[in-house]
Every structure is written in C-alpha cells, then in structure tokens.
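This report refers to the structure that appears directly beneath it.
As the structure is a prediction and not an experimental result, all values here were calculated from the model.
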Amino acid sequence: MLRIAVVGATGAVGRECLALLDGGIVPVEQVVPVGSARSLGRDLGGELGLSLPMAELVTLDGLDPRSLDVAVFSAGAEISAREAERLASAGVLVVDNSSAFRMRADVPLVVPQVNPGVLDDRPASNLVSNPNCSTIQLVRALKPLHELAGLEDVVVATYQAASGGGVRGLRELAEESRAILDDPRVEGAPGGRFGQPLAFNLVPEIGLPDDTGRTHEERKLVREPRKILGLPDLRVSATAVRVPVFDCHSEAVHVRLREPVTAGSVGAALAAAPGIRAYGRSQSPAYPMPRTVFARPEGRALVHVGRIRVEPEDDRAVALWVVADNLWVGAALNALQIVELALKNGWLG
C-alpha cells in the first residue's frame with residue numbers, strides 16, 4: 001500500500017490522477033493532494049466524488065516527505081525544477097509530468113509499454129520523467145513498426161486539443177466558441193492560453209520558437225522519441241498545431257522503414273502491441289476520432305491507430321493516423337503506470 005502525493009491536484013492532469021487512483025490502478029494507503037495556497041480548504045474528494053483515503057489538501061511547503069513513498073508532479077516545469085529534487089533527495093520516488101528533467105542522463109524517460117527495462121532498477125536520482133503527451137502516443141505507435149522493419153525517418157504533424165492547456169485552456173475554448181456562435185464576426189485578440197484565439201481556428205505554433213523556427217513542442221517531439229526508443233540518430237521532423245478540440249490529441253504520422261512492409265503486416269504488428277487498438281477500413285468506425293476516443297473510459301486508456309497506408313510507389317513508406325487521450329495516455333495514466341511498473345519490479349513499496 002502506497003502513500004502518494006499528487007502535486008498540482010487541482011489541475012486537469014492532477015484531477016485525472018486522482019480519478020485513476022480512485023479506480024484502483026495501484027494500491028494506496030493514503031493520497032495527499034497538493035495545491036496552491038488559494039486551494040487550501042478545498043475538499044477534492046467530495047468535489048470529484050472519490051472514495052479514496054485522502055488527506056487534507058496541503059501546499060508544497062506543508063508536505064512532509066517522510067510520510068510519502070511517491071510524488072506525482074503535474075504542476076509545470078518551474079515548480080518541478082524548484083521542488084522535485086527536494087523530495088527525491090528525501091527518498092521519495094518522484095514521477096514528473098513536466099519537461100524539467102526529461103533529457104537528463106540520470107533521469108529515465110519512460111513509457112512502460114515501450115522501454116520498461118529502464119526501470120528494472122530504481123534510479124539513483126529518485127526521479128522518473130513522463131514524456132510529453134504527444135510523444136507518448138507517437139512512440140507507442142512507432143515501437144511496433146521499428147520491431148517490424150526498423151525506423152529510418154519520422155515526419156509527424158500533431159493536432160493538439162485545448163485540454164493540453166489545462167483547465168484554463170478548456171475554459172477559453174468554451175467561452176470563445178460561445179462568443180463566436182453569438183456573433184460570427186467576432187475575431188478575438190491575440191493572447192490567452194494559446195497565444196491566438198483558438199475557437200474555430202488553428203494555431204500552428206505551440207510554445208516559443210527557437211532561431212530555426214522550431215517551437216518548444218516540436219523540439220520535444222524530435223528529442224524525446226530518440227531517448228525513449230534508444231535511437232539517438234533517428235531523424236524526426238515535427239509540426240505541432242493547436243486545434244479547437246476539447247480533448248484528445250491526434251497525429252498524422254509518416255515513417256520510412258528499413259525494410260518493405262504491407263498494410264496488413266503493419267496493422268497486425270500494431271494490433272499485437274499492448275494498449276493499442278488498430279482500425280481497419282471494414283470496421284465501423286474505420287478510423288479513430290477524438291470524440292469517440294474520449295467517450296468511454298476503455299477508449300481513453302488506449303492508443304488508437306487507423307488510416308494505415310503503405311505508399312504504392314514505396315513499400316517502405318507508411319502513413320498512420322494516431323489518436324489518444326492526452327490527459328490519460330499522455331499524462332496521468334502513463335505516470336501511474338510508471339508507479340505500477342516500479343511496484344511490479346519490486347523496488348517500490
């Protein structure tokens with residue numbers, strides 16, 4: 001039985017962590033919700049209808065590491081960089097959802113279905129990083145293809161939902177949508193959570209661009225798969241787009257393989273991979289979509305892959321359409337599956 005702190009418990013990912021813990025993904029003795037000072041006094045268990053054994057909400061300053069086995073951080077890179085190592089140095093296993101530690105050599109970057117072996121032993125740093133939400137669904141689709149025929153190049157365009165911007169992003173999209181439906185001439189003004197108005201719009205820039213024009217989100221999509229897949233020279237090109245969808249990220253993925261394949265062999269490899277649902281043209285629906293993926297808990301827990309095509313002119317070129325719930329598969333569920341893997345390996349609890 002574990003004692004777990006959820007840091008950022010009032011945010012979108014933190015709330016999903018609490019809901020998944022309530023569903024029994026790992027055995028818990030006590031869950032400590034951690035939030036800002038303005039959240040003190042909130043009864044999150046009551047608000048979310050949870051039956052978890054929950055302590056009162058505390059701030060990070062009031063969190064006692066001696067009472068914890070695990071801390072799941074979902075409060076942003078700035079807070080993680082400032083506080084996560086303090087808890088890790090006190091012996092707490094920290095699973096961090098931010099970008100603060102992902103590329104550090106002494107911090108495993110883990111997707112349990114892809115590279116579980118990196119957690120055979122407890123990391124000396126007591127830190128484990130959760131990858132970027134878009135990276136997780138990407139590498140889970142890429143691993144079966146690499147095992148089938150070897151990866152050479154990856155080109156990905158992401159279509160990322162407003163929930164990637166947290167509770168504030170969801171609220172902005174809802175409010176902007178209502179305003180435009182009332183008056184279609186409303187243009188909106190730059191600013192807000194996404195830099196530009198998102199409702200009925202596409203924003204082809206997520207995060208600040210560097211000198212090459214590549215944004216922060218795109219840099220993560222290039223670097224993180226290399227570390228997770230153990231392919232430091234993998235060529236990856238990414239374009240990240242924010243779309244007016246409330247939940248679930250989608251990706252158009254084009255890969256070039258070392259060996260020729262068929263659409264049937266690709267579909268079979270994906271269908272055999274844990275936690276992936278592969279779609280065929282004869283099925284209904286014939287491909288995944290954000291609304292249908294989000295509609296049921298069993299759908300939210302999977303990576304969905306459809307529109308599987310091998311180019312007629314090049315039998316080493318494959319195209320895929322990948323959809324997953326960015327708050328579950330891309331964040332909370334992956335973090336708790338890391339905890340589950342640590343328990344299975346016998347070095348936690």
F294 six-ring face occupied by R291 cation (under 6.0 Å, within 45°): no
Where R258 and L151 come nearest, the two heavy atoms and their spacing: NH2-O, 3.5 Å
Might you work through the side-chain contact (heavy atoms from CB on, under 4.5 Å) test for V32 and V58, ending with a clear yes or no? CA-CA 8 Å; V32 182; V58 298; 3.8 Å; yes
Between L57 and V34, does the side-chain contact (heavy atoms from CB on, under 4.5 Å) criterion hold? Intermediate values first, please. CA-CA 6 Å; L57 189 145; V34 183; over 6 Å; no
Set of salt bridge (Lys or Arg N to Asp or Glu O under 4.0 Å) partners for D314, sequence neighbours left out: R256
Evaluate the side-chain proximity of E175 to R178: yes if any heavy-atom separation is below 4.5 Å, no if none is. yes
With sequence neighbours left out, which residue pairs that include part of residues 39-63 fulfil the salt bridge (charged side-chain N to carboxylate O under 4.0 Å, His left out) condition? R42-E47
Does any non-hydrogen side-chain atom of S74 lie less than 4.5 Å from one of V6? no
Starting from V94, can I reach V70 by hopping between I/L/V/M/F/W/Y residues whose side chains sit under 4.5 Å apart? no
Quick check: does any side chain N or O of R309 sit under 3.5 Å from a backbone N or O of R307, one acting as donor and the other as acceptor? yes
Of all heavy-atom pairs between V118 and P108, which one has the smallest distance, and what is that distance? CG2-CB, 4.2 Å
List the atom pairs, donor and acceptor, that lie under 3.5 Å between side-chain atoms in residues 161-172 and the rest of the protein, sequence neighbours left out.
| unit_1 | atom_1 | unit_2 | atom_2 | d |
| --- | --- | --- | --- | --- |
| S163 | OG | F246 | O | 3.0 |
| S163 | OG | N326 | OD1 | 3.3 |
| S163 | OG | N326 | ND2 | 3.0 |
| R168 | NE | E172 | OE2 | 3.2 |
| E172 | OE1 | R193 | N | 2.9 |
| E172 | OE2 | R193 | N | 3.0 |

Report the C-alpha separation of Q160 and S134 in whole Å, then their side-chain angles, then the decisive distance to 0.1 Å, and conclude whether the side chain to side chain donor-acceptor pair (under 3.5 Å) test is met. CA-CA 8 Å; Q160 297 183 216; S134 297; 3.2 Å; yes
Taking only residues two or more places apart in sequence, or in another chain, which ones meet Y159 in a ring pair (Phe, Tyr, Trp, His ring centres under 6.0 Å)? W321
Hey, does N334 have a side-chain heavy atom less than 4.5 Å from the side chain of P112? yes
With side chains defined as the heavy atoms from C-beta onward, is the minimum distance between L138 and V322 less than 4.5 Å? no
Hey, could you give me the CD1/CG distance between I136 and D325, rounded to the nearest 0.5 Å? 11.0 Å
Hey, could you give me the CZ/CG distance between F194 and N201, rounded to the nearest 0.5 Å? 11.5 Å
Applying salt bridge (Lys or Arg N to Asp or Glu O under 4.0 Å), can you list everything that pairs with K227, at least two apart in sequence or on another chain? none
How long is the straight-line distance from CG of L109 back to OG of S99, given to the nearest 0.5 Å? 11.0 Å
Provide the closest heavy-atom pair for S67 versus D64 in the form atom of the first, atom of the second, distance. OG-O, 2.7 Å
Say whether L127 and V110 are linked into one hydrophobic cluster, either directly or through other cluster members, by side-chain heavy-atom distances under 4.5 angstrom. no
Cluster link L257 to L270, ILVMFWY, side chain under 4.5 Å: yes
Is any side-chain heavy atom of V154 less than 4.5 Å from a side-chain heavy atom of H254? no
With sequence neighbours excluded, give me every salt bridge (charged side-chain N to carboxylate O under 4.0 Å, His left out) pair touching residues 233-242. D153-R235
Does the side chain to side chain donor-acceptor pair (under 3.5 Å) test come out yes or no for D96 and S129, once each step is laid out? CA-CA 5 Å; D96 182 52; S129 272; 4.7 Å; no
Between H304 (side chain only) and P288 (backbone N and O only), is there a donor and an acceptor less than 3.5 Å apart? no
Are there more than 12 heavy atoms of other residues, nucleotides or ligands under 6.0 Å from atom CG of D182? yes
Identify every side-chain donor-acceptor pair in residues 7-29 under 3.5 Å, counting partners at least two apart or on other chains, and give the distances.
| unit_1 | atom_1 | unit_2 | atom_2 | d |
| --- | --- | --- | --- | --- |
| E16 | OE1 | W328 | NE1 | 2.8 |
| E16 | OE2 | R300 | NH2 | 3.2 |
| D22 | OD1 | S51 | N | 2.9 |
| D22 | OD1 | S51 | OG | 3.2 |
| D22 | OD1 | L52 | N | 3.1 |

Can you confirm whether more than 12 heavy atoms, excluding those of E298, are under 6.0 Å from its CD atom? yes
State plainly whether one hydrophobic cluster holds both F73 and V95, where clusters connect Ile, Leu, Val, Met, Phe, Trp and Tyr through side-chain heavy atoms under 4.5 angstrom apart. no
Are the side chains of L181 and F200 in touch, meaning some heavy atoms are under 4.5 Å apart? yes
Rounding to 0.5 Å, atoms CG (L198) and OG (S177) come to a distance of 7.5 Å
Can you name the side chain to side chain donor-acceptor pair (under 3.5 Å) partners of N132, sequence neighbours left out? E217
Residues at least two apart in sequence or cross-chain that pass salt bridge (Lys or Arg N to Asp or Glu O under 4.0 Å) with R296, listed by chain then number, are none
Atom pair CD/CG of Q30 and L68 - distance to nearest 0.5 Å: 8.5 Å
Does any non-hydrogen side-chain atom of H146 lie less than 4.5 Å from one of L231? yes
Kindly determine whether R316 and E259 satisfy salt bridge (charged side-chain N to carboxylate O under 4.0 Å, His left out), including the steps that lead there. CA-CA 6 Å; R316 293 192 295 145; E259 300 173 12; over 6 Å; no
Scanning both residues in full, the closest heavy-atom pair of L148 with S265 reads CD2-O, 3.9 Å
Quick one: does any side-chain atom of R102 pair with a main-chain N or O of N97 as donor and acceptor, under 3.5 Å? yes
Co-membership, hydrophobic cluster, residues I206 and V245, 4.5 Å side-chain: no
For S237, side chain to side chain donor-acceptor pair (under 3.5 Å) partners two or more places apart: none
Applying side chain to side chain donor-acceptor pair (under 3.5 Å), run through Q196 and E205 and close with a yes or a no. CA-CA 9 Å; Q196 300 290 342; E205 184 177 77; over 6 Å; no
Using a 3.5 Å cut-off and no angle test, enumerate the donor-acceptor pairs between side-chain atoms of residues 342-349 and protein atoms at least two apart in sequence or in another chain.
| unit_1 | atom_1 | unit_2 | atom_2 | d |
| --- | --- | --- | --- | --- |
| N345 | ND2 | L119 | O | 2.7 |
| W347 | NE1 | L119 | O | 2.8 |

Which heavy atom of V318 sits nearest a heavy atom of L320, and at what distance? CG1-CD2, 3.9 Å
Nearest-0.5 Å distance that lies between atom CG in L336 and atom CD1 in I4: 6.5 Å
Is any side-chain heavy atom of V261 closer than 4.5 Å to a side-chain heavy atom of V310? yes
Nearest heavy-atom contact between N130 and A335 is OD1-N, 3.5 Å
Under the side-chain hydrogen bond (donor to acceptor under 3.5 Å, both in side chains) rule, what pairs show up with a residue in residues 82-94, not counting sequence neighbours? E83-R86, E85-R104
